[in-house]
Amino acid sequence: MREIKFRAWDGELKEMIGPEEVLSCSFIGLDGEWLGLSDLLKGEGGFELMQYTGIKDANGIEVYEGDVLKDHNEYWEVRFFDGAFWVASIRGNAESELLCGNDYMEIIGNRFENPELLEARE
């Protein structure tokens, strides 16, 4: 059975809202209004929603869209495209569907809290 979870990036406050808060909608937007999942899905309030891939990294941490993974000397960004989760090389020279066999990769950050990780690595 596939587990469906979301987290959200609060672009105004520059902080990540965890899956438990997103599910319970137990947070308030900057304008003082309660926000629900439907608001997040529409991108309202400066929030960006990211889905759990159903895969964990080498350390057992859940992998979400927007995460940056490291595999030996390669850095990968997790993306959702054409109905599937993919990893795209930060160097831009490769991409691959994110599969269960990718559990040797390690999360080193995400594109919101660590934008410097998206710079090409040598």
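Sequence positions, counted from 1, serve as the residue numbers for this chain.
Of all heavy-atom pairs between Asn73 and Arg91, the closest is O-NH2, 3.1 Å. Contact detail for Gly66 and Arg7: the closest heavy-atom pair is C-NH2, 4.3 Å. Residues Ala88 and Glu95 share a closest heavy-atom pair of CA-CB, 4.0 Å. Between Ala8 and Leu49, the shortest heavy-atom distance links the atoms CB-CD1, 4.0 Å. Taking both residues in full, the closest heavy atoms of Trp9 and Glu113 are given as CZ3-CG, 3.4 Å, listed atom of the first, atom of the second, then distance. Between Ile90 and Trp76 the shortest heavy-atom distance is CG1-N, 4.0 Å.
Here the straight-line distance linking atom CG of Asp57 with atom CD1 of Ile108 works out to 11.0 Å at 0.5 Å rounding. Interatomic distance, Met105 CE to Asn59 CG, rounded to the nearest 0.5 Å: 13.5 Å. To the nearest 0.5 angstrom, Arg111 atom CZ is 10.5 Å from Asp67 atom CG.
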task: Carefully, step by step, assess Glu12 and Lys14 under the rule salt bridge (charged side-chain N to carboxylate O under 4.0 Å, His left out).
output: CA-CA 6 Å; Glu12 298 290 329; Lys14 306 287 188 229; over 6 Å; no

task: Could you give me the CA-CA distance, side-chain angles and deciding distance for Gln51 and Ile4, then say whether side-chain contact (heavy atoms from CB on, under 4.5 Å) is met?
output: CA-CA 7 Å; Gln51 188 173 357; Ile4 305 215; 4.0 Å; yes

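Under the 4.5 Å side-chain heavy-atom criterion for ILVMFWY residues, a single connected hydrophobic cluster contains both Phe80 and Ile107. Transitive grouping of hydrophobic side chains (ILVMFWY, heavy atoms separated by less than 4.5 Å) keeps Met50 and Phe47 in distinct clusters.
Taking the side chain as every heavy atom from C-beta outward, Val87 and Phe85 never approach each other to under 4.5 Å. Two residues are said to be in side-chain contact when any heavy atoms from C-beta on lie closer than 4.5 Å; Val78 and Tyr64 fail this criterion. With contacts defined as side-chain heavy-atom distances shorter than 4.5 Å, the pair Leu118/Val68 qualifies. With a 4.5 Å cut-off on side-chain heavy atoms, Glu106 and Leu69 do not count as touching. A heavy-atom distance below 4.5 Å is found between the side chains of Met16 and Asn110.
In this structure, Trp86 shares a hydrophobic cluster with Phe81, the cluster being traced through Ile, Leu, Val, Met, Phe, Trp and Tyr side chains under 4.5 angstrom apart.
Donor-acceptor pairing under 3.5 Å is lacking for the side chains of Glu65 and Thr53.
A donor-acceptor pair under 3.5 Å links the side-chain atoms of Asp10 to the main chain of Leu13, judged by distance alone.
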